[in-house]
Each structure stands twice: as structure tokens, then as C-alpha cells.
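Worksheet: one structure, shown below.
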Number of protein chains: 2
Amino acid sequence: MAGTLMPMHTRPSSYHHGDLRAALLTRAEETLREKGPAALSLRELARDLGVSHAAPSRHFRDKQALLDALALTGFERLAVALEGAHGRAGASFAQRLDVIVRAYVDFALENAALLDLMYSIKHDPEASEALRAAAERWSALLVSGIEEGQRQGEVREGPLERVGVPVFAVLHGYAGLVTAGMLPPEAAEHGLDEVIAFALRGCAPDAV
Amino acid sequence: MAGTLMPMHTRPSSYHHGDLRAALLTRAEETLREKGPAALSLRELARDLGVSHAAPSRHFRDKQALLDALALTGFERLAVALEGAHGRAGASFAQRLDVIVRAYVDFALENAALLDLMYSIKHDPEASEALRAAAERWSALLVSGIEEGQRQGEVREGPLERVGVPVFAVLHGYAGLVTAGMLPPEAAEHGLDEVIAFALRGCAPDAV
DNA sequence: ACCTGAACACCGTTCAAGT
DNA sequence: ACCTGAACACCGTTCAAGT
């Protein structure tokens with residue numbers, strides 16, 4: 001679909017034959033990972049890619065728009081990672097929860113700065129629509145897992161949002177504590193196992 | 001419209017007889033609350049307080065130092081709020097947990113931007129020492145609550161860090177989800193009750 | 001001691017102009 | 001269409017100099 005006659009060998013002066021937008025996002029993610037959010041500057045991004053400092057504005061209205069787009073790709077990658085893990089999980093609720101929790105925490109550890117960005121996006125009425133949709137793609141996985149667990153009798157009854165919220169909270173909170181370095185290393189060691197066991201007890205039906 | 005009644009009883013030229021540091025922190029907290037972290041600028045702070053833009057550097061080595069100090073005051077206020085709530089709590093573990101969780105979430109809602117800052121501080125070997133101490137002042141409350149609960153037989157046995165980490169995680173995660181606006185209003189409504197019940201089940205001893 | 005004023009090297013954003 | 005170059009109004013940080 002892309003330019004049929006475009007030479008692939010790079011001519012330095014017009015290297016970005018239409019994919020400057022993608023190149024900006026890729027580079028932004030690299031510097032976010034390597035140097036943190038404070039080091040993200042449109043002008044430096046442009047410099048790195050060999051375009052003028054005004055070029056990015058053709059693809060992102062302002063800096064926030066680039067951050068929004070970056071968060072969006074983050075939610076998409078998170079969804080892909082979790083869907084992959086879910087596909088490899090066993091049939092019981094305990095197995096699915098275990099696999100999803102581990103995949104989420106793995107993603108958080110490998111993309112700490114990006115995850116932070118994802119949850120700190122300003123909620124413009126416009127951008128948040130797309131973001132919420134992307135975020136829901138993976139939380140739907142958690143929700144359907146709980147729903148299935150209820151059918152199997154492994155999860156207590158109750159409205160989905162209610163049973164799901166606490167599980168979402170432990171997950172999100174543990175990932176946040178670990179990536180913020182708020183847990184001493186000893187606690188982080190087996191902390192994840194404890195969190196999973198804790199969540200399972202919290203989800204379990206009342207004894208009869 | 002503003003000009004005529006200016007003087008107050010403050011001499012505009014040297015109002016800060018030694019408490020510029022405190023004034024900077026107070027004003028920083030206000031603009032953090034009102035206009036968000038992106039709007040925090042040393043130069044604007046100085047302008048607001050009627051000093052030169054170089055004056056803040058006498059009290060804070062750089063911007064990060066001011067943010068660190070701001071986070072520190074945040075942890076101190078959080079500790080005070082939780083200790084107050086804890087003092088008013090009942091004798092059972094369930095009552096103490098309820099009171100602490102609600103106080104934490106209240107603090108998170110009233111100081112969303114500040115809490116964000118508190119947990120996103122760069123961990124310089126130096127600043128993090130004081131920060132960790134301040135953070136531990138309130139988490140010690142949670143830990144001793146759990147310890148007491150174990151003595152009362154309301155909380156399952158196990159090393160403190162392990163039992164405490166999941167509780168800390170739900171708390172932190174729920175507060176984060178709410179302040180980030182990631183929960184639909186219906187879910188936020190009774191979400192807190194569900195989170196507390198969930199945590200209690202997670203802490204409960206195994207049935208015998 | 002505490003603060004000022006100027007200077008430096010950066011920003012994000014806008015806009016006429018080039019190709 | 002896509003990008004450039006200059007311009008504008010901001011930053012944080014440093015430092016000689018004032019009081």
C-alpha cells in the first residue's frame with residue numbers, strides 16, 4: 001500500500017517518506033524507556049530523526065497529542081501480551097488469574113515509564129475515548145475471566161464491576177509499588193505469589 | 001481593579017524574612033492542586049511570591065529538590081491523617097482496616113496530584129532515605145494493625161511483609177484507579193466497600 | 001546570609017515560505 | 001502534502017554583583 005516507487009536506500013534529507021509519525025512514536029518510546037519522561041522533548045526527537053524541530057507538528061498537534069498516542073500504543077501492546085498469556089492458560093479460574101497477573105506485572109516491569117504514562121494521561125473528552133477503548137480491551141479479559149469463574153463456581157457471585165474492581169486494584173497497585181521501588185527486595189521476591197493467593201481468597205465463594 | 005487596595009500589612013519588597021522556603025512549598029502545593037504538575041515552574045513560583053527567579057535556588061538546589069521536599073510534606077500529612085483516623089478506630093482488625101482504608105482513599109481523592117508526585121519521586125540515594133522514612137511512618141501503622149490482628153486471631157499467620165504487601169497493594173491500586181478516573185462512576189460508588197470486604201477475606205485465617 | 005539581574009542553553013508553538 | 005527557518009514567549013541553572 002505504501003509508496004510503490006520509493007527507494008528504500010535512505011536519502012538523508014528526506015528519509016521519512018510518510019512514516020515520520022511512526023518514527024516519532026518509536027523514538028519517543030525508546031527515550032522514555034532509557035531516559036525517563038522528563039527527557040522527552042519534541043525538539044530532541046526531531047533532532048534524533050534528522051528533521052526540523054517544526055516537523056513533528058504536522059503529525060501531532062502538540063506534545064500532549066504525542067503522549068496520548070504513545071499511551072494508546074502502550075495499551076495495545078498490553079492487550080496483546082495479556083491475550084497471548086490468556087491463550088496459553090489452563091482451564092481453571094486460578095490458572096487464568098495466575099497467568100494474567102504475571103503477564104501484567106511482567107509488562108509493568110519491562111515498561112515501567114510507559115505504564116506510568118498510560119495511567120496519567122489527561123482525560124480530554126476526545127483522546128480519552130480512544131484510550132478508554134484500548135484500556136477496556138484488556139480489562140475485558142479480566143472481566144470475562146471472572147464471569148467464567150462465576151459459572152464454574154470458583155468465584156463468588158455479584159455484579160461484575162464489584163468483583164472485578166478489587167482484583168484490578170491489587171494488580172494495578174502491586175505493579176505500581178514494585179515499579180516505584182516502594183517494596184524492599186525481600187518483599188518483592190515472593191510478593192507476587194502472595195498477591196495472587198490473596199486475590200484468590202478474596203474471589204472465593206463463601207464457605208457453606 | 002486590584003491596584004488601590006494593594007498594601008495589606010505586608011511590605012512587598014522583603015516579605016520573606018527567612019521563610020521563603022516554606023512559602024515556596026505552600027505555593028507549589030497550591031498550583032500542583034489547582035493546575036497540575038506540568039504547570040509547576042520555579043520561575044512562576046518566584047513571580048507569585050514577588051521574588052526574583054533566582055531566589056528559589058538559595059533554598060532548593062534545583063527543581064527536583066523542591067519536588068522531593070514537596071513529596072516529603074505529603075507523606076507527613078498522610079501519616080498524620082492516618083494516625084488520626086487510627087486513633088478513632090474500634091478495637092477489631094476489621095474496624096481498623098476499614099478506617100485506615102477510607103482515610104487513605106480520602107487523602108488520595110483530596111490530594112491526587114500530590115500523591116502521584118509522592119510515588120513518582122526519583123530515588124536518589126540521598127533523598128529517598130528521608131522519603132522512605134516518611135513513607136514508613138504510615139505503612140508502619142498498617143503493619144502494626146496486621147500484627148495486632150494476627151494476635152487477635154483475625155488475620156492469618158505469616159511473615160508481616162507477605163501479609164501486608166497485598167493489603168498495601170489493593171489500597172494503593174484502588175486509590176490510583178479512582179484518582180486516574182479509570183473506574184466508571186457506578187463502580188466507584190460502592191467500590192470501596194467491596195475493596196475492604198475483599199481485603200478482609202484475603203486476610204482471614206483459613207477456615208478449620 | 002539572602003537576594004538581584006543578566007546571561008546561557010534549552011523548551012513548545014506558530015507561521016510565512018519553500019519544494 | 002510535507003517540511004524548513006525564523007520568531008516568540010517561556011523554561012532551569014549559574015554567577016557576578018549588590019544589600
Side-chain angles (χ1 to χ4, degrees), chain A residues 1-8 10-28 31-32 34-71 117 120-122 124 126-127, chain B residues 10-28 31-32 34-71 117 120-122 124 126-127:
Chain A
M1 145 174 282
T4 51
L5 301 177
M6 272 299 162
M8 281 310 280
T10 70
R11 235 157 12 221
S13 82
S14 79
Y15 173 48
H16 297 294
H17 34 269
D19 61 354
L20 176 56
R21 198 193 125 96
L24 283 166
L25 286 175
T26 303
R27 187 72 189 121
T31 79
L32 183 62
E34 289 161 13
K35 304 199 272 177
L40 259 186
S41 126
L42 288 179
R43 285 178 104 111
E44 186 167 6
L45 249 34
R47 243 179 275 127
D48 290 349
L49 298 176
V51 296
S52 90
H53 66 258
S57 75
R58 290 292 126 188
H59 300 93
F60 300 100
R61 196 187 326 133
D62 55 16
K63 192 181 182 181
Q64 188 59 50
L66 184 145
L67 296 181
D68 289 351
L70 203 53
L117 180 72
S120 70
I121 287 304
K122 302 285 171 296
D124 308 83
E126 171 115 2
Chain B
T10 70
R11 218 140 317 108
S13 85
S14 80
Y15 174 48
H16 298 293
H17 33 272
D19 61 353
L20 176 57
R21 197 195 127 98
L24 283 166
L25 286 176
T26 303
R27 186 73 188 120
T31 78
L32 183 62
E34 288 161 15
K35 306 199 271 176
L40 259 187
S41 125
L42 288 179
R43 286 178 102 112
E44 186 169 5
L45 250 33
R47 245 179 274 127
D48 290 350
L49 298 176
V51 296
S52 88
H53 64 259
S57 75
R58 290 292 124 188
H59 301 92
F60 300 102
R61 198 185 324 133
D62 55 16
K63 192 181 183 180
Q64 187 60 49
L66 185 146
L67 296 181
D68 289 352
L70 204 53
L117 180 72
S120 70
I121 288 302
K122 304 283 170 299
D124 308 83
E126 172 115 0

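Letters A, B, ... mirror the listed sequences (proteins, then strands); counts begin at 1. Everything numeric here is computed off the predicted structure, so don't read it as measured data.
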Search all heavy atoms of A:Ala69 against all heavy atoms of A:Leu25 and return the closest pair with its distance. CB-CD2, 3.9 Å
Can you find a heavy atom in the side chain of B:Pro37 that is under 4.5 Å from one in the side chain of B:Leu117? no
Separation of A:Arg47 atom CZ from C:dA9 atom P, in whole Å? 13 Å
Taking all non-hydrogen atoms of both residues, which atom of A:Leu66 and which atom of A:Phe60 are closest, and how far apart? CA-CD2, 3.7 Å
Nearest atoms (heavy-atom pairs only) where A:Ala46 meets A:Ser52: CB-O, 3.4 Å
If a protein heavy atom is under 4.0 Å from the base, mark B; if only from the sugar-phosphate, S; if neither, -; do that for nucleotides 12-19 of chain D going 5' to 3'. BBBB----
Taking only side-chain nitrogens and oxygens of B:Arg21, does any of them come within less than 4.0 Å of OP1 or OP2 of C:dC3? no
Quickly work out the B:Phe60 CZ to C:dC3 P distance and round it to whole Å. 12 Å
Please tell me which of the listed nucleotides, C:dC11, D:dT4, C:dC3, lies nearest to the side chain of B:Leu20? C:dC3
Closest heavy-atom pair and its distance - A:Leu70, A:Ala28: CD2-CB, 4.1 Å
Please determine if A:Glu44 and A:Lys35 form a salt bridge, counting it only when a charged side-chain N lies under 4.0 Å from a carboxylate O. yes
Given side chains that start at C-beta, do those of A:Leu67 and A:Leu40 come closer than 4.5 Å, heavy atoms only? yes
Dot-bracket for DNA chain C, 5' to 3', Watson-Crick and G-U pairs with both distances under 3.5 Å, [ ] for crossing pairs, | for partner on another strand, reads ||.|||||...|||||.||
Rounded to whole Å, the CG-P distance (B:Asp19 to C:dC2) equals 11 Å
Assess the residue pair B:His59 and B:Leu20 against the criterion (side-chain contact (heavy atoms from CB on, under 4.5 Å)); give the C-alpha distance rounded to whole Å, side-chain angles, the decisive distance to 0.1 Å, and a yes or no. CA-CA 8 Å; B:His59 301 92; B:Leu20 176 57; 3.6 Å; yes
